[in-house]
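One structure is given below, encoded as structure tokens.
For ligands, and for the atoms within them, numbers begin at 1 and follow the listed sequence.
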Amino acid sequence: MKRYRCFFVKFLLCLFFLIPYQIFAEDGYRLWLRYEPIENAELRNEYRSMLREINFPGESPTFQAAREELNRGIEGLFNSKISITDNDSIIKEGTLIVGTPSSSDLIAASTIHDEVSKAGKEGFIIETIETNEKQCICIASNTDTGVLYGVFHFLRMLQTRKHIKNISIVRKPRIRYRLLNHWDNLDRTVERGYAGSSLWDWHKLPDYIKPRYKDYARANASIGINGTVITNVNANADVLTPQYLEKVAALADVLRPYGIKVYLTARFSAPVEIGGLETADPLEPEVVSWWKNKVDEIYKYIPDFGGFLVKANSEGQPGPQDYERSHAAGANMLAYALAPHDGIVMWRAFVYSNEVPEDRAKQAYNEFKPLDGKFRDNVLVQVKNGPIDFQPREPFHPLFGAMPKTPLMMEFQITQEYLGFATHLVYLAPLYKEALYSDTYAKGKGSYVSEVVDGSLEDHRISGIAGVSNIGTNRNWCGHTFGQANWYAYGRLAWNHKLSSGEIAEEWLRMTFTNNIDFINPVKKMMMASREITVNYMTPIGLAHMMGRGHHYGPAPWVDEGRADWTSVYYHRADTGGIGFDRTVTGSNAVSQYHSPVAEKFADIETCPEKYLLWFHHLPWDYTTNSGRTLWNELVHRYYQGADSVKWMQKTWRSVKGMIDRERHNKVSEFLEIQKQEADWWRNACLLYFQTYSRRPIPEKYDKPSKSLLHYKNLEFKYVPGH
Ligand code: GCV
């Protein structure tokens with residue numbers, strides 16, 4: 001009997017410990033907004049002494065959202081509530097004062113009033129002030145949205161355990177339009193999406209509002225994203241019909257308090273497809289008035305609608321060239337309709353055609369540069385970071401710095417179409433920074449892409465940046481827990497491109513996992529190395545575009561059939577003489593699209609950075625690289641180094657086991673194993689294939705690929721996500 005009792009007690013104890021684990025299991029849903037309790041008593045006391053009470057008057061929906069977030073954050077961080085009042089007549093020492101000069105008399109009367117004006121429309125200040133001889137912290141802005149951003153920033157300081165005594169911070173975004181682009185279809189599939197279905201549950205909208213929409217808005221507002229294009233650039237005109245506009249309006253209502261505007265993709269042929277016209281020619285008056293009426297109608301549903309994103313005459317999409325009109329004519333027609341409502345057009349420069357007998361890398365520049373100065377002032381031309389298509393590494397797009405009269409938006413990909421989908425851990429901030437801090441020399445040394453994008457180089461009125469989202473219905477939003485870091489990093493850089501990749505990684509790790517430095521240091525190191533590691537096992541030394549046809553999954557450097565510019569051989573140009581795309585004067589001369597001295601630097605093999613070598617040059621297999629190895633041996637070295645480094649990532653991740661929750665640790669471990677296998681696959685398939693041209697051995701010191709080239713060539717994948 002005693003034995004049974006003992007067993008029963010043990011059973012109850014197990015339940016006691018297990019149930020909370022089950023209920024509170026870390027599934028990644030809370031992203032970086034977890035607000036876990038502060039363990040360090042000293043810091044806790046410091047925080048509490050400055051947070052005795054909160055004074056936050058004002059009733060706008062944005063203020064309500066900010067107050068709700070403050071409550072949520074504080075309850076989580078301190079395991080207790082702090083009262084929020086709107087009575088500013090009795091202020092205690094250690095009150096957090098929040099608001100704008102018009103919502104808060106305390107702020108209006110305080111000396112920080114002048115400081116606030118420096119923060120602009122969306123910026124904020126956080127400052128320790130003396131009011132009625134009491135030390136208080138004040139979060140202030142000129143606008144309600146700025147206040148919300150300030151609240152999120154303050155919560156981030158607490159989450160990352162920053163000291164809050166004597167603070168004086170002014171923050172404002174460098175770029176005006178900071179957008180996510182969802183390539184989400186109305187049937188809820190997501191083009192190049194690897195994290196489940198589309199968030200937008202069109203069928204149940206507008207009546208059912210998923211709680212997720214609000215959490216999506218919170219996450220975006222916490223990093224300063226202020227707009228979202230909710231439909232695919234490969235557009236469907238149906239979204240412009242009343243049936244869908246009603247649904248879009250319901251989403252816009254949820255996002256609005258969080259400072260996020262909704263944008264749509266406009267299918268250029270919509271006047272024909274849903275408007276019953278016979279043409280979509282942008283110079284036809286009936287087409288112009290159709291769009292004008294359509295835009296007016298949209299604003300009736302969504303009074304703060306942001307505008308349109310357009311992919312035209314690219315990859316089969318309709319556009320003005322179908323009527324022998326220019327991209328400018330098409331963009332301006334839409335811009336004309338949007339202008340009275342303060343809406344914008346984001347017109348994509350991602351255009352190329354296999355019918356044009358020109359290097360694909362040159363085509364967008366050739367098409368758009370002559371149009372500089374021909375766009376209306378509410379048009380931004382949206383340019384991908386590189387001249388091909390979101391490859392693991394590309395040089396910067398030559399259009400940056402080539403269209404001084406036109407605001408150019410940067411388009412990055414957050415979803416990992418070419419970077420291992422949602423199972424490879426690849427931290428993308430270093431890729432974004434590499435592009436943003438490339439020097440165009442457009443106005444001499446120091447004319448960085450970032451300055452073209454933020455508008456400061458040419459003093460543009462508007463500026464923008466877009467990130468193709470990696471978000472879906474997966475419980476953890478992005479598929480891979482570390483995919484969240486790329487969403488986060490994109491937003492932080494969109495707000496301030498000067499932040500370093502390392503500091504963003506550290507912020508994210510602290511908020512997403514733990515403030516334990518024994519965890520942060522090695523994992524941050526792993527994140528920082530991950531992009532270079534991936535480049536090495538996929539496309540080292542400037543190679544590009546060698547993935548599986550159509551679905552883009554895995555290596556397929558042998559693809560040589562179908563549309564030439566969608567084959568791999570078009571890009572790597574391997575033959576028995578060597579490998580690489582000659583883009584110098586003896587080849588396509590794409591180098592000439594860059595300003596001097598960038599053009600000369602890329603053109604000369606002595607000065608071309610090795611990371612871009614095979615992007616710009618076709619070189620013999622025995623060419624001596626910087627390491628002293630032959631090109632073939634260097635290629636082998638990079639592929640093995642890349643794939644072996646994934647083992648190092650696995651080891652690093654194993655070393656932090658026990659420092660975070662089991663659930664997320666296990667999932668990342670399992671994904672790292674997939675990454676390891678796929679890195680080996682990339683290495684083996686590419687080297688075996690290139691070896692048929694190089695006719696050189698893989699040096700003895702490396703383990704030989706265990707499978708044959710034929711094995712890799714025969715692999716077929718029918719149901720790949722995102723395709
Ligand atoms: C949305 C690449 C992708 C396409 C994508 C296109 C684009 O070609 O593979 O899926 O289409 O880029 O950016 O428009």
For this session: Identify whether NZ of Lys or CZ of Arg in Arg325 sits under 6.0 Å from the centre of the six-membered ring of Tyr323 and within 45° of that ring's axis.
Result: no
Problem set entry | Arg573 to Tyr570, cation-pi by 6.0 Å centre distance and 45° axis angle | yes
Exercise. When you measure from the centre of the six-membered ring of Trp477, is the NZ or CZ of Arg212 under 6.0 Å away and within 45° of the axis?
Worked result: yes
Seminar exercise, completed: The ring pair (Phe, Tyr, Trp, His ring centres under 6.0 Å) partners of Phe308 (sequence neighbours excluded) come to Trp291, Phe305
Exercise. Does NZ or CZ of Lys247 lie under 6.0 Å from the centre of the six-membered ring of Tyr244, at an angle within 45° of the ring axis?
Worked result: yes
Exercise. Do we get Arg583 above Trp615's six-membered ring, with its NZ or CZ under 6.0 Å from the centre and within 45° of the axis?
Worked result: yes
Problem set entry | Residue contacts for ligand 1, heavy atom to ligand atom, distance under 4.0 Å | Trp183, Glu191, Arg192, Asn232, Val233, Asn234, Lys311, Glu315, Arg348, Phe350, Lys384, Asp389, Glu417, Tyr418, His552
